[in-house]
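Worth knowing before you read on, the calculation uses all heavy atoms, side chains too, and leaves out hydrogens, waters and symmetry mates.
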Amino acid sequence: RILHSIDGLDEILHSQLTVNSDDSSSDMSGKQLAPPTMANVVRFLSDMTGRDKASKVLQYGSRVMMYRLLTADPKSELGLRFKGLYSTTGTSRKLWRLGKTMNELVTLQKMLETGDVDAVKFIARAGFAYYWLFDNLVFLTKAKFIAPTFPIGEHAARGWFIGVLFTLIGHLKALNKLNAEERSLKQSAATNKRQVGQISTSQSGSQSMSPLINQSNPPSYSDIGKLLKSVRLRRSYVHLKIVASLGDLTVSGNGVKLPHKFLGRGFNDGVLGLAGLTSGLIGAFFAWKSVHNC
């Protein structure tokens, strides 16, 4: 009477473990995004990271348009305008990075002081510290404030590549951990399912369901469902971060001339523009979530 068949039990289990995208009450990180009202946009652009990611979208979006228009017509007036916008936006973004090396040094110092040193994260932050330092020098060179005698752009690209590469490795480690967490939750769900009931075959060949409910610790399908939802949501965010890192890795890899060594030539502005634009859009998405706590 409690459970008429194993199919009924499967239906109950499935309904509890299905992720409902409309239900975000169980996970604050799954709240709906704040609508793009004028007030929210102003708040987003007032944030340093939000403004930088919006500028990155503009920079690499301009690079894509520049490539498309100038490829079709090298004398395209609009294409030349986008070329100027791409170049100027890229330079202006560097202004707000002055001194960012200190941010990374503080992070590295905290790791060493607490003893919580993750090798992958440590190398990633050290790579970015190196990148910001030489990126600052690139800006000062473009501003004609200094005149270095060595290729600072290549040093900046090298630091960026190392930072992004080890950030990507960190995301892959996080993805592997979330996959293991999901498998563990599914195993718990299967264990709870066996605790709820089992099929016993009588000598006459008839089947009946015998409840084996643990009264002291009853299974909670809803709790498992919420945990699975949280894991899957976090994993989807990690997937996005992996895509963003691959985009940045494409641009920085071109800066250290990796495709030149393996393909005989660098990526064109179309490929680099799309890679940077993808990374910028994903970065803007996470910055929007952070600024509006959603």
Side-chain angles (χ1 to χ4, degrees), residues 44-67 80-108 123-168 241 244-258 266-288 290-291:
F44 174 72
L45 294 178
S46 297
D47 179 78
M48 181 71 76
T49 302
R51 184 166 59 248
D52 179 69
K53 297 307 178 185
S55 299
K56 184 175 183 178
V57 170
L58 178 62
Q59 176 189 357
Y60 285 98
S62 298
R63 192 172 192 175
V64 172
M65 294 303 299
M66 172 195 78
Y67 173 78
L80 293 174
R81 289 181 182 180
F82 274 114
K83 182 177 181 179
L85 184 59
Y86 158 65
S87 177
T88 303
T89 306
T91 301
S92 64
R93 286 183 63 210
K94 297 180 185 299
L95 172 62
W96 307 109
R97 300 174 187 162
L98 290 175
K100 283 197 71 173
T101 295
M102 291 186 292
N103 296 33
E104 305 298 349
L105 293 178
V106 169
T107 300
L108 295 173
I123 296 174
R125 297 338 300 173
F128 276 111
Y130 188 87
Y131 167 53
W132 300 131
L133 174 62
F134 285 96
D135 187 67
N136 293 167
L137 295 178
V138 169
F139 173 77
L140 295 175
T141 301
K142 288 181 177 291
K144 302 185 185 304
F145 186 77
I146 60 173
T149 57
F150 59 97
I152 54 176
E154 292 182 11
H155 284 276
R158 189 176 299 117
W160 189 20
F161 180 80
I162 293 173
V164 173
L165 176 62
F166 280 87
T167 297
L168 175 61
K241 291 178 181 179
S245 293
L246 288 173
D248 286 335
L249 201 64
T250 301
V251 180
S252 60
N254 193 75
V256 296
K257 303 187 183 305
L258 279 181
F267 296 127
N268 59 45
D269 285 312
V271 173
L272 297 174
L274 284 174
L277 179 59
T278 300
S279 175
L281 288 170
I282 294 174
F285 166 75
F286 283 110
W288 184 275
S290 176
V291 169

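The OG1 atom of Thr49 lies 9.0 Å from the CZ atom of Phe44; values are rounded to the nearest 0.5 Å. The CG atom of Asp248 sits 10.0 Å away from atom OG1 of Thr278, with the distance rounded to the nearest 0.5 Å. Taking OG1 from Thr91 and NZ from Lys142, the interatomic distance works out to 4.5 Å, rounded to the nearest 0.5 Å. Taking CG from Leu281 and NZ from Lys53, the interatomic distance works out to 11.0 Å, rounded to the nearest 0.5 Å. Between the NZ atom of Lys94 and the CZ atom of Phe139 there is a distance of 10.0 Å, given to the nearest 0.5 Å. In this structure, CZ on Phe161 lies 11.0 Å from CG on Asn254, to the nearest 0.5 angstrom.
Residues Leu249 and Leu168 approach most closely at CD2-CD2, 4.0 Å, considering heavy atoms. What you find for Ala275 and Val251 is that their closest heavy atoms are CB-CG2, 4.2 Å. Residues Lys56 and Ser279 come closest through the heavy atom pair NZ-OG, 3.0 Å. Summarising the geometry of Thr89 relative to Leu58, their closest heavy-atom pair is OG1-CD2, 4.0 Å, with the distance given to 0.1 Å. Shown here for Thr101 and Leu133, the closest heavy-atom pair between the two residues is OG1-N, 3.0 Å. Of all heavy-atom pairs between Leu45 and Arg51, the closest is O-NH1, 2.9 Å.
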Q: Check the pair Trp132 / Glu104 against side-chain contact (heavy atoms from CB on, under 4.5 Å), numbers first and verdict last.
A: CA-CA 9 Å; Trp132 300 131; Glu104 305 298 349; 3.0 Å; yes

Q: Apply ring pair (Phe, Tyr, Trp, His ring centres under 6.0 Å) to Phe134 and Tyr130, showing your working.
A: CA-CA 7 Å; Phe134 285 96; Tyr130 188 87; 4.8 Å; yes

**Q.** Derivation of the side-chain contact (heavy atoms from CB on, under 4.5 Å) call for Asn268 and Val271
**A.** CA-CA 6 Å; Asn268 59 45; Val271 173; 3.5 Å; yes

Q: Carefully, step by step, assess Thr250 and Phe267 under the rule side-chain contact (heavy atoms from CB on, under 4.5 Å).
A: CA-CA 9 Å; Thr250 301; Phe267 296 127; 3.8 Å; yes

Q. Checking side-chain contact (heavy atoms from CB on, under 4.5 Å) for the pair Phe166/Ile162: CA distance, chi angles, key distance, verdict?
A. CA-CA 6 Å; Phe166 280 87; Ile162 293 173; 4.0 Å; yes

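At distances below 3.5 Å, not a single donor-acceptor pair connects side-chain atoms of Ser87 with backbone N or O atoms of Lys83. A donor-acceptor pair under 3.5 Å is absent between the side-chain atoms of Ser290 and the main chain of Phe286, judged by distance alone. Asp52 places no side-chain N or O within donor-acceptor distance of the main-chain N or O of Met48, the cut-off being under 3.5 Å. Of the possible donor and acceptor atoms, one in the side chain of Asn136 sits under 3.5 Å from a partner among the backbone N and O of Gly99.
Taking the ring axis of Phe128 as reference, the NZ or CZ atom of Lys100 does not stay both within 45° of it and closer than 6.0 Å to the ring centre.
If you run side-chain contact (heavy atoms from CB on, under 4.5 Å) between Arg63 and each of Leu274, Leu277, Asp269, only Asp269 comes through.
Ring geometry for His155 against Phe150 counts as perpendicular: the plane angle is over 60°, on a 0 to 90° scale with 30° as the lower cut.
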